[in-house]
Amino acid sequence: MYLQKVESGEFVPASLYDEITDEHLAMWSASWIPAMKVHCNNCPLLDSPEDSHWDWKRKAEGWRELLGYRSFSLVCDNELQGLMLVNDITSARLLEQFGKPIVYVQFLSTAPWNRLEIASSPKYRGVGRIMVLASIECSRESGFKGRIGLHSLPRAEVFYEQKCGFTRLGNDSRHQNLCYFEMTEKQADDFCHK
Amino acid sequence: MKIDYPKEWFVHSAKIEGDVEVGAGVPPTSRILDMSDEEDSMLKGDYSSFVLNPAVLKQLTGIDIYKTRKVLAKCA
């Protein structure tokens, strides 16, 4: 797979791992945390990135022992570019596929240097859609035909609805009022053929 | 799991994505109390860092920590 280097416009090879290893967590700790801290120290709390408090190391300790959870990491140029945790123990809410099993994206983050809100010019482009592609393939592998769902961070809603083709199901009061999005088999097929 | 797509897919995909924000998970309000982290620790049976009464938490957020723990333990 490939990511676009924004500065030059060229496409460079990237590797997607279907596991977040200790090495990836070390990369997260050594590069993401300092970059996030520098940014957060210079902006008001409410303007800081919505996932700036996520502790992937601590989360990893919780999910590694559990069946039904899978993690992914994306590496390019020996740098960690994205992290994602999904589970396959969730059911669909969309009427046309209600009750059917889906792959649920529990957490998804991109590296600080790939975000416009942190870097004046993002370094790589395409991490988000590769992670969505990975969750669709994970769903297909589980026999769920590409059905996936997630609760979007408020600033990312445009991405899921307009850039990926998810169906917006509205704010979820049981999940701290985050907007819930779901993708059907047909939408997953469309996404993969785009 | 094998993901085998032509380079053109990624070229087109990056153009579609542009520079929008990407992220899914816990909302900004939880910077004060990261629910996901609390749930993580509860999965391991550690309630020591939990600052709210579970009953109050359920009333406020709808999250039943006991049920969540039981379901996940069953899956494991």
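Heavy atoms only: backbone and side chains are in, while hydrogens, waters and symmetry mates are out. Chain identifiers are assigned alphabetically (A, B, ...) following the order of the sequence lines, protein sequences preceding nucleic acid strands; residue numbering begins at 1 within each chain.
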- Note on the structure: In terms of heavy-atom pairs under 4.5 Å with chain B, the winner among A/Ser152, A/Gly126, A/Gly82 is A/Gly126
- Message: Please report the interatomic distance OH(B/Tyr5) to SG(A/Cys192), rounded to the nearest 0.5 Å.
- Response: 3.5 Å
- Query: What residue in A/Asn114, A/Leu85, A/Val127, A/Leu3 has the most heavy-atom pairs under 4.5 Å with chain B?
  - Reply: A/Val127
- Kindly indicate, with the supporting measurements, whether the criterion side chain to side chain contact (heavy atoms under 4.5 Å, CB included) is fulfilled by B/Val11 and A/Tyr2. CA-CA 8 Å; B/Val11 171; A/Tyr2 298 85; over 6 Å; no
- Ignoring hydrogens and geometry, is there a side-chain-to-backbone donor-acceptor pair from A/Gln4 to B/Ala14 under 3.5 Å? no
- Polar side-chain atom of B/Glu17 near backbone of A/Gly128 as donor-acceptor pair, under 3.5 Å: yes
- Query: Out of curiosity, does A/Phe144 fall in the hydrophobic cluster containing A/Leu169 (side-chain heavy atoms, cut-off under 4.5 Å, transitive links)?
  - Reply: no
- Is it the backbone or the side chain of A/Tyr180 that comes under 4.5 Å from a heavy atom of chain B, or both, or neither? neither
- Item | Where B/Gly25 and A/Phe107 come nearest, the two heavy atoms and their spacing | CA-CD2, 4.0 Å
- Item | Heavy atoms from other residues, nucleotides or ligands near CD of A/Glu10 exceed 12 (cutoff 6.0 Å) | yes
- Show your reasoning for whether side chain to side chain contact (heavy atoms under 4.5 Å, CB included) applies to B/Glu21 and A/Phe159. CA-CA 7 Å; B/Glu21 290 299 325; A/Phe159 171 70; over 6 Å; no
- Flag yes if A/Ile102 and A/Met84 sit in one hydrophobic cluster, no otherwise; membership is Ile, Leu, Val, Met, Phe, Trp, Tyr, and two members link when side-chain heavy atoms are under 4.5 Å apart. no
- Task: Report whether A/Val75 and A/Trp113 are members of the same hydrophobic cluster (ILVMFWY, side-chain heavy atoms less than 4.5 Å apart, transitive linking).
- Result: yes
- Message: Is B/Val22 close to chain A through its backbone or its side chain, or both, or neither, when contacts mean heavy atoms under 4.5 Å?
- Response: both
- Item | Non-hydrogen atoms of B/Ile16 and A/Lys163 that approach each other most closely | O-CD, 2.9 Å
- Which region of A/Leu116, side chain (C-beta onward) or backbone (N, CA, C, O), has a non-hydrogen atom less than 4.5 Å from a non-hydrogen atom of chain B, or is it both or neither? both
- Item | Hydrophobic cluster identity match, A/Leu74 and A/Val86, side-chain contacts under 4.5 Å | yes
- Message: Would you say B/Ile3 ends up clustered with A/Val132 if hydrophobic residues are merged whenever their side chains have heavy atoms under 4.5 Å apart, either directly or through other cluster members?
- Response: yes
- Query: So how far is it from A/Phe191 CZ to B/Ser13 OG, rounded to the nearest 0.5 Å?
  - Reply: 5.5 Å
- Task: Can you establish whether the number of heavy atoms outside A/Glu141 located under 6.0 Å from its atom CD is more than 12?
- Result: yes
- In this structure, NE2 of A/His193 is separated from CH2 of B/Trp9 (nearest 0.5 Å) by 11.0 Å
- Message: I'd like to know which of A/Phe11, A/Tyr160, A/Tyr124, A/Phe181 tops the heavy-atom pair count under 4.5 Å against chain B.
- Response: A/Phe11
- Item | Heavy-atom contact with chain B under 4.5 Å, split by part of A/Ala134 | both
